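Below is one structure, written out as structure tokens; the observations come after it.
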Amino acid sequence: PEGESKIELEEAWLQSKKLFGFATLKAGLFLTPFGVANATHAHEWDFQTQPIVNSRLFGADGHRGIGFQAKLELPTPWRSFLIVGAQNARGET
């Protein structure tokens, strides 16, 4: 119809504070944490082009979907995490 507009929601999620001092939970619509680039929006990158593996797998917009995620901080001398989650892989994004 004439005058129709389309609004696209990029991200909308809720995240807990640290649970038990080492874990966080996240649920909603968010970017998939794959490598360094896909978890951030393109305007936040320190480089100009997307890594080729991301563009071939996810397209120019990256992958995002509705899902949940548990992020555990591992007890290592360096900053290290284990992320377990599930997202809807179907749809435009």
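We count residues from 1, following the sequence as given. Keep in mind the model is a prediction, meaning the values are calculated, not measured.
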Next item on the list: Show your working on side-chain contact (heavy atoms from CB on, under 4.5 Å) between L31 and E11 and close with a plain yes or no.
Entry: CA-CA 7 Å; L31 290 163; E11 289 190 285; 3.9 Å; yes
Note to self: Before you tell me yes or no, could you show the steps for Q69 and L25 under side-chain contact (heavy atoms from CB on, under 4.5 Å), namely the whole-Å CA-CA distance, both residues' side-chain angles and the distance that decides it to 0.1 Å?
What the structure shows: CA-CA 6 Å; Q69 178 183 99; L25 300 176; over 6 Å; no
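Here the CZ atom belonging to F22 is positioned 13.0 Å from the CZ atom belonging to F81, to the nearest 0.5 angstrom. Interatomic distance, I66 CD1 to W13 CH2, rounded to the nearest 0.5 Å: 15.5 Å.
Two residues are said to be in side-chain contact when any heavy atoms from C-beta on lie closer than 4.5 Å; T24 and K17 fail this criterion.
Using modelled atom types, one side-chain atom of Q87 and one backbone atom of G65 make a donor-acceptor pair closer than 3.5 Å.
When hydrophobic clusters are built by joining Ile, Leu, Val, Met, Phe, Trp and Tyr residues whose side-chain heavy atoms come closer than 4.5 Å, directly or via intermediates, L19 is grouped together with V84.
Applying the side-chain hydrogen bond (donor to acceptor under 3.5 Å, both in side chains) test to pairs two or more places apart or on separate chains, those with a residue in residues 70-82 are K18-E73.
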